[in-house]
*Asks:* 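Pasting a structure below so you can have a look.
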2 protein chains.
Amino acid sequence: MRLSTRGHYGLKAMFDLAQHYGSEPIPLKTVAERQNISDNYLEQLIAILRKAGLVKSVRGAQGGYILARDPGSITVGDIIRAMEGPIAPVECVSEVEPTECDQAGSCITRTVWARVRDRLAEVMDSISLADMLRDAENLSEHKAQEYKQNAPEGGS
Amino acid sequence: MRLSTRGHYGLKAMFDLAQHYGSEPIPLKTVAERQNISDNYLEQLIAILRKAGLVKSVRGAQGGYILARDPGSITVGDIIRAMEGPIAPVECVSEVEPTECDQAGSCITRTVWARVRDRLAEVMDSISLADMLRDAENLSEHKAQEYKQNAPEGGS
DNA sequence: AACAATTCCGAGTTAAACAGTTTGATTTAA
DNA sequence: TTAAATCAAACTGTTTAACTCGGAATTGTT
């Protein structure tokens, strides 16, 4: 039940773009450096996101990438489906074009995987990039708070 | 987000054994035939289940495999963890021994994957083999019912 | 005792996927 | 004109999946 780096890096890149949504296009190299990903490789990955309509590109000098829509309307599910294909723990319960096996009607393991698939889709579709931005803000506030509590006098 | 055949076949085999729980040991070949799995391959897989303590083996003629515990106390999660390792959409949120990356503290994608992992574990741990047996019974009743309704006069 | 049914074990094989790298063409602001 | 960038496609090395195979060890049956 592992994601490949495609989905992993894809989400990282999209989150990076979300953090800079509204300003000039971000060059791929910048994203790659910030997120610690090989820029050669990320180039391939972002092409997938572009073809899926999740990011827009601006070519030429001062070019780069921007989110195609606002962060509130892009979910983790959107990104993962683009990068890894339809959600499906096993082929026979794929979100699109499941190729049924012979005993599909009576297969109980199949119904188990359908439930797993639904939960997976549910959680991924419920988290948008905007949610992640909000979480990031809370997290950093929390950290600052912790810091204050742990070192209120300002140690050397 | 695909399962390998290990987890897929593993659950099938375990469900097959559950359906015959309480009687003599079932030879591997029988399970393989019923579940339509290469018996050479299943041999490897069931070794994993045995080492994980989920099935017991009886060697020699008339030997075979039986569930190590009753079907109510074995969950899909138990089986998948045995077959595929700890549940973890990405390595850094593995259920056991996550190897953290440098920015673990501030990584938001990480918290996303932790949520996905928890949902995944939740649904898998909530389904036991006994639940599946019950579902199978309902399903077959339902089918018989449907059959009655669709062909009450007994077509040719 | 011999035999056949079975588990057990380790090694070998094939094909695909993953995770990139490399090369070079094209676009465009400065 | 140049440098910064995207775009595209081919190439490569490594790992993993999904088996296959051969044979040894165990044990009920005859």
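Just so we're on the same page: letters track the sequence lines, and every chain starts at 1.
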*Asks:* How many whole angstroms separate atom CD of A:E24 from atom P of C:dA30?
*Replies:*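 Atom-to-atom, A:E24 to C:dA30, this comes out as 11 Å.
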*Asks:* Between C:dT22, D:dT6, C:dT7, which nucleotide has the shortest distance from any of its atoms to the side chain of B:L28?
*Replies:*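 Of all the options, the side chain of B:L28 is nearest to C:dT7.
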*Asks:* Let's see if you can work this out: which of D:dA8, D:dA3, D:dC19 has an atom nearest to the side-chain heavy atoms of B:T5?
*Replies:* D:dC19
*Asks:* Drop me the distance from B:I48's CD1 to B:I79's CD1, to the nearest 0.5 angstrom.
*Replies:*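 Between B:I48 CD1 and B:I79 CD1, I get 13.0 Å after rounding to 0.5 Å.
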*Asks:* Is it true that a side-chain atom of B:T75 and a backbone atom of B:D78 form a donor plus acceptor pair closer than 3.5 Å?
*Replies:* yes
*Asks:* Whole Å only: how far is the CD atom of B:E91 from the P atom of C:dA19?
*Replies:*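 Value for this atom pair: 13 Å.
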*Asks:* Looking only at side-chain atoms of A:R6, point me to the closest of D:dC7, C:dT21, C:dC18.
*Replies:*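 Among D:dC7, C:dT21, C:dC18, the one nearest the side chain of A:R6 is C:dC18.
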*Asks:* Which part of the nucleic acid, if any, lies within reach of B:I46 when heavy atoms closer than 4.0 Å are counted: base, sugar-phosphate only, or nothing?
*Replies:*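 B:I46: no heavy atom of the nucleic acid under 4.0 Å.
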*Asks:* Round to the nearest Å and state the distance from A:K56 atom NZ to D:dT6 atom C1'.
*Replies:*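 Whole-Å distance recorded here is 16 Å.
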*Asks:* Could you give the CZ-to-C1' distance, from A:R2 to D:dT15, as a whole number of Å?
*Replies:* 14 Å
*Asks:* So, A:D131 side chain and A:S128 main chain: donor-acceptor pair closer than 3.5 Å or not?
*Replies:* yes
*Asks:* Could you state the atom-to-atom distance from NZ of B:K29 to C1' of C:dA4 in whole Å?
*Replies:* 12 Å
*Asks:* If you check the A:S4 side chain, which of C:dA19, C:dT7, D:dG28 turns out closest?
*Replies:*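 Closest nucleotide to the A:S4 side chain: C:dA19.
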*Asks:* Of B:S38 and B:G60, whose nearest nucleotide on DNA chain D comes first from the 5' end?
*Replies:* B:S38
*Asks:* Does A:R115 have more than 12 heavy atoms from other residues, nucleotides or ligands lying within 6.0 Å of its CZ?
*Replies:*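 Open: at most 12 neighbouring heavy atoms sit under 6.0 Å from CZ of A:R115.
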*Asks:* Set out, in order, the CA-CA distance, both residues' side-chain angles and the distance that settles salt bridge (charged side-chain N to carboxylate O under 4.0 Å, His left out) for A:E84 and B:R2, then state yes or no.
*Replies:* CA-CA 9 Å; A:E84 312 245 349; B:R2 288 272 169 90; over 6 Å; no
*Asks:* Without decimals, in angstroms, what is the distance between B:N36 CG and D:dA18 C1'?
*Replies:* 15 Å
*Asks:* Nearest-nucleotide wise, let me know which of B:Q44 and B:I26 is further upstream toward the 5' end of DNA chain C.
*Replies:* B:I26
*Asks:* What's the closest nucleotide to the A:Y9 side chain, out of C:dC9, C:dG20, D:dT6?
*Replies:* C:dG20
*Asks:* Give a yes/no answer on whether the side chain of A:R50 brings an N or O atom under 4.0 Å of OP1 or OP2 in D:dA8.
*Replies:*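 The answer is yes; a side-chain N or O of A:R50 sits under 4.0 Å from OP1 or OP2.
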*Asks:* What's the closest nucleotide to the B:Y41 side chain, out of D:dC19, D:dT6, C:dA30?
*Replies:*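 Out of D:dC19, D:dT6, C:dA30, the nucleotide with an atom closest to B:Y41's side chain is D:dC19.
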*Asks:* Does the C:dT6 base have a donor-acceptor partner in the side chain of B:E43 within less than 3.5 Å?
*Replies:*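 Side chain to base: no pair present.
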*Asks:* Tell me the interatomic distance from B:N40, atom CG, to C:dT13, atom C1', rounded to whole angstroms.
*Replies:* 13 Å
*Asks:* Could you state the CG-P distance from B:D39 to D:dA18, rounded to the nearest angstrom?
*Replies:*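 Result: 17 Å.
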*Asks:* Test your reading of the model: is there a side-chain donor-acceptor pair from A:E91 to the backbone of A:T99, 3.5 Å cut-off?
*Replies:* yes
*Asks:* Counting only distance, no hydrogens or angles, is the base of C:dT27 paired donor-acceptor with the side chain of A:R59 under 3.5 Å?
*Replies:*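 Answer no: no donor N or O sits under 3.5 Å from an acceptor.
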*Asks:* Can you tell which of C:dT7, D:dC7, C:dA19 lies closest to the side chain of A:Y65?
*Replies:* D:dC7
